[in-house]
Amino acid sequence: MTRLCQLHRFVISGPYSMTGKIQTQCCIAGGGPAGMMLGFLLARMGVDVYVLEKHADFLRDFRGDTIHPSTLEIMHELGMLDEFLTLPHQEVKELGGQVSGEFVTIADFTHLPTHCKFLALMPQWDFLNFIAKKAQAYPAFHLLMEAEVTGISEQNGCVSGVHVKTPGGAIDVHARLVVGADGRHSLVRQQAKLEVINRGAPMDVLWLRLRRQPTDPGQTFGIIETGKIFVMLDRETYWQCGFVVAKGSAEQVKNAGIEKFREDITALAPFLSDRVEELRDWNDTSLLTVTVDCLRRWSRPGLLCIG
């Protein structure tokens, strides 16, 4: 509730509910990390920008909670790093994996030529709220929550804006540049008829969380056995776990029953046997359908897709 109250201060009201029309220099569809950071950078340069986010808040579970050293370096260059790192986070200097019972180091960040020689684990909503707060210092920045892009508008073959659904009614945002940052199921790129090239992905992931005990092993990021991969992220009070399954086989796994799923987890990580019962049913998991795709062209006159 505190986060929601803090966020409310960043939500613009008035112009779109009063007139049903907004005129701006840049309109960004999607308030994820790419959209929010771009909105901040443009407003910092004095470009009038509207960021449209279809949800009422940033509270999403099992999202990308890793802040990479390269991102932390950008935060340093922007003069925000020290304040950013006051937010609750975990610092990961190495990534490891247990392969057939043997632990191997997969990545070592301590040798990077960056100010932060670690990967930071932080809830994505904290990152987005931080960027929103910083962006709000610039009059050119506007964030609309519960503003879902439903279509694009065109004029003389050029994308000229977007149609938006809000709790107060439909609005039109007219912009010199529209940026599609609306994720893997981007409506903007679909409406713009931009060709998607699917690179293929052999796996999906069932995400879940299990309580972490002080006596648990140190930070382990991957347990790999023949035909099975189990990812574990140390979130201090709990493990954020990813059970990797073959592409499209999630329903088959679920049909085998939650008890079989618990047994598979225990076989890979025996020390979790005293808490797998926390998985009461499949509602305690979240399926991530892994996709790897790109666009043949990332832009059209008046439109740019990112993220």
Side-chain angles (χ1 to χ4, degrees), residues 61-72 88-112 114 116-124 199-282 284-292:
D61 228 347
F62 301 119
R63 289 298 179 95
D65 292 345
T66 54
I67 313 296
H68 292 249
S70 56
T71 304
L72 293 170
H89 68 281
Q90 290 91 51
E91 297 180 2
V92 180
K93 296 182 179 180
E94 288 187 351
L95 296 180
Q98 183 177 302
V99 182
S100 298
E102 181 178 350
F103 186 86
V104 295
T105 299
I106 296 173
D108 182 350
F109 301 117
T110 61
H111 303 289
L112 292 175
T114 55
C116 295
K117 302 180 187 301
F118 56 81
L119 180 152
L121 292 178
M122 178 187 296
Q124 190 176 98
R199 299 295 189 188
M203 66 186 72
D204 293 324
V205 182
L206 282 163
W207 284 105
L208 54 118
R209 63 175 61 187
L210 294 170
R211 184 168 33 92
R212 189 179 188 280
Q213 302 278 31
T215 55
D216 285 349
Q219 202 166 54
T220 301
F221 273 76
I223 300 173
I224 303 172
E225 298 293 342
T226 304
K228 295 181 179 179
I229 300 176
F230 189 57
V231 179
M232 299 183 66
L233 306 180
D234 177 5
R235 305 310 298 267
E236 293 189 337
T237 59
Y238 66 91
W239 291 104
Q240 181 175 331
C241 306
F243 192 95
V244 178
V245 300
K247 169 63 67 178
S249 69
E251 283 305 312
Q252 181 180 343
V253 173
K254 291 182 178 181
N255 289 337
I258 194 70
E259 183 57 39
K260 175 65 165 60
F261 188 58
R262 296 191 194 113
E263 292 173 0
D264 288 342
I265 292 174
T266 301
L268 291 168
F271 70 92
L272 295 176
S273 61
D274 63 344
R275 68 207 84 161
V276 289
E277 295 296 328
E278 294 171 9
L279 294 174
R280 297 161 298 179
D281 53 44
W282 295 110
D284 291 327
T285 67
S286 177
L287 176 64
L288 170 65
T289 302
V290 179
T291 60
V292 180

Would you give the length of the straight line joining atom [atom1] of [X] to atom [atom2] of [Y], rounded to the nearest 0.5 angstrom?
X    : Y    : atom1 : atom2 : result
C241 : R235 : SG    : CZ    : 11.5 Å
T226 : K228 : OG1   : NZ    : 9.5 Å
F271 : T215 : CZ    : OG1   : 9.5 Å
E91  : L119 : CD    : CG    : 10.0 Å
Q240 : R212 : CD    : CZ    : 13.5 Å

With a 3.5 Å distance limit and no angle check, can you tell me whether [X] reaches the backbone of [Y] through a side-chain donor-acceptor pair?
X    : Y    : result
K117 : L112 : yes
D284 : R280 : yes
D108 : E94  : no
T66  : H68  : no

**OP:** Could you please spell out the steps behind the side-chain contact (heavy atoms from CB on, under 4.5 Å) verdict for D264 and F230?
**Re:** CA-CA 10 Å; D264 288 342; F230 189 57; over 6 Å; no
Hey, does [Y] have a side-chain heavy atom less than 4.5 Å from the side chain of [X]?
X    : Y    : result
E259 : E277 : yes
I265 : L208 : yes
T285 : L287 : no
F261 : V276 : no
L233 : W239 : no
V205 : V245 : no
I224 : V99  : yes
L272 : M232 : yes

Where do [X] and [Y] come nearest, in terms of heavy atoms and distance?
X    : Y    : answer
F118 : K93  : CB-CG, 4.0 Å
L72  : C116 : CD1-CB, 3.7 Å
V292 : A201 : CG2-CB, 4.1 Å
P69  : F109 : CG-CD2, 4.2 Å

Original post:
Quick one: which of R262, R211, R209 gives a side chain to side chain donor-acceptor pair (under 3.5 Å) with E278?
Top reply: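 The option that passes is R211.
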Original post:
Is there a side-chain contact (heavy atoms from CB on, under 4.5 Å) between L121 and V92 once you walk through the steps?
Top reply: CA-CA 8 Å; L121 292 178; V92 180; 4.0 Å; yes
Original post:
Got more than 12 heavy atoms from elsewhere within 6.0 Å of NZ, K247?
Top reply: yes
Original post:
Passes side-chain contact (heavy atoms from CB on, under 4.5 Å), Q98 versus L268? Steps please.
Top reply: CA-CA 10 Å; Q98 183 177 302; L268 291 168; over 6 Å; no
